[in-house]
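Before any comments, here is the structure.
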Amino acid sequence: MRQDSHGPIGVFDSGIGGLTVLKALMARLPHERTLYLGDTARVPYGTKSGEVVTRYSLKNAEFLLERGIKLLVVACNTASAAALPALSATLPVPVLGVIGTPGTIRSGAYQRALEAGQPNVSVKARACPLFVPLAEEGWTTGDVPLLVAREYLAGFARDGVDTLVLGCTHYPLLKGVIAEVVGPHVSLVDSAEATAEAVAELLGARGLLAPESSTTPEHAYFVTDVPERFVEVGARFLGRPIPSAEQVDLRF
Ligand code: DGL
C-alpha cells in the first residue's frame with residue numbers, strides 16, 4: 001500500500017493510558033491528524049496472555065487501517081511487548097511500539113532488547129500494577145502514591161540503578177513520586193516522548209510528514225465501551241479536553 005502524507009496517524013491502546021503517548025505525539029508533531037482507539041471494553045491488557053493481547057491488537061489495527069492511517073503507533077506497553085512482530089508482519093503501513101505491566105515484565109521483552117549484544121548492561125524489572133488505578137483516579141501526588149512507589153521502587157534505589165524506563169502508559173503521570181523515591185541522579189525514560197521522537201524520525205525519513213498548515217489538525221477518538229469515563233479521565237492523561245469519543249463495535 002502506498003502511504004499518503006495527508007493520512008492520519010493511528011494510535012491504539014487498551015484504554016486511556018495511550019493518551020500519554022498521543023499527548024507527546026501532538027506536542028512533537030502538531031500538524032498531524034490522529035485517530036485514537038481505546039479498547040475500553042477489554043481493558044486491562046496487562047494481566048492477559050500474549051496470545052489474547054495479540055488477537056485484540058490485530059483487530060484494533062484493522063479498524064484503524066480501514067480508516068486510512070499512514071502509520072500505526074501501538075501506544076500500549078503490553079500490546080507492544082506481545083504483538084509488535086505480528087503487527088509488523090501483517091500490516092501494510094509502518095508500525096511503532098512503546099517500550100510494566102505484569103504481562104510486559106513476564107514477556108521479558110525489555111530485558112532482551114536492552115541486554116542484546118551489550119554485555120555491560122544489566123536490567124532489573126518490576127511490575128507496578130497499582131500505579132495504573134492511582135493514575136486513573138488522578139491520585140498522583142501525596143502520601144498514598146509515595147508509599148506505593150516506595151514499596152515498588154526502593155529496591156532499585158538500593159541497587160544503584162542509574163536509568164529507569166517508565167514501561168507503562170500510565171507511569172508518566174506518577175513521574176513526580178517516582179523521581180522522589182529513586183532520587184535525582186536516576187534518569188527517567190518516558191516512553192511516550194521517546195515514541196513521539198521515533199515517529200517523527202520515521203515519517204521524516206519516508207517523506208510522510210503532514211504538510212504544515214495554519215488550521216488545527218483533526219483528532220478523532222474511538223472507544224469500544226461507553227465513552228463517558230474515557231472522555232472525563234482521558235482529559236487528564238491528554239492534558240486537554242476530549243470533545244467526544246465514538247463508541248464502536250469491533251466484532252470479534
Ligand atoms: N496500556 C497498558 C500498558 O501500557 C496499561 C493498562 C492495561 O493493563 O491495559 O501496558
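The first residue in the sequence is number 1, and the count goes up from there. Numbering of ligands and ligand atoms starts at 1, following listing order.
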Only heavy atoms of G46, strictly under 4.0 Å: list the atoms of ligand 1 that pass.
7 (C), 8 (O), 9 (O)
Hey, which atoms in ligand 1 end up nearer than 4.0 Å to a heavy atom of T78?
3 (C), 10 (O)
Check D13 against ligand 1 and report side chain, backbone, both or neither, counting heavy atoms closer than 4.0 Å.
side chain
Between E136 and R229, is the closest basic N to carboxylate O distance under 4.0 Å?
yes
Which atoms from ligand 1 have a heavy atom of N77 less than 4.0 Å away?
3 (C), 4 (O), 10 (O)
Check: T47 N/O within less than 3.5 Å of ligand 1 N/O:
no
Which bit of V43 is near ligand 1, meaning a heavy atom under 4.0 Å away: side chain, backbone, both or neither?
side chain
Under 3.5 Å, is there a donor-acceptor pair linking the side chains of N77 and Y171?
no
With heavy atoms and a 4.0 Å threshold, my read on which part of S14 contacts ligand 1 is side chain
Test your reading of the structure: does Y45 have an N or O sitting under 3.5 Å from an N or O of ligand 1?
yes
Please determine, by modelled atom types, if T34 and H219 share a side-chain donor-acceptor pair under 3.5 angstrom.
yes
Establish, yes or no, whether a centroid distance under 6.0 Å links the rings of Y56 and Y45.
yes
is_close_aromatic(F222, Y36), centroid dist under 6.0 Å
no
Do T224 and D39 have a side chain donor and acceptor closer than 3.5 Å?
yes
Is the positively charged end of R67 above the ring of F63, judged by distance under 6.0 angstrom from the centroid and angle within 45° of the axis?
yes
Nearest-option assignment for atom 5 (C) of ligand 1, heavy atoms, candidates A82, G17, C168
C168
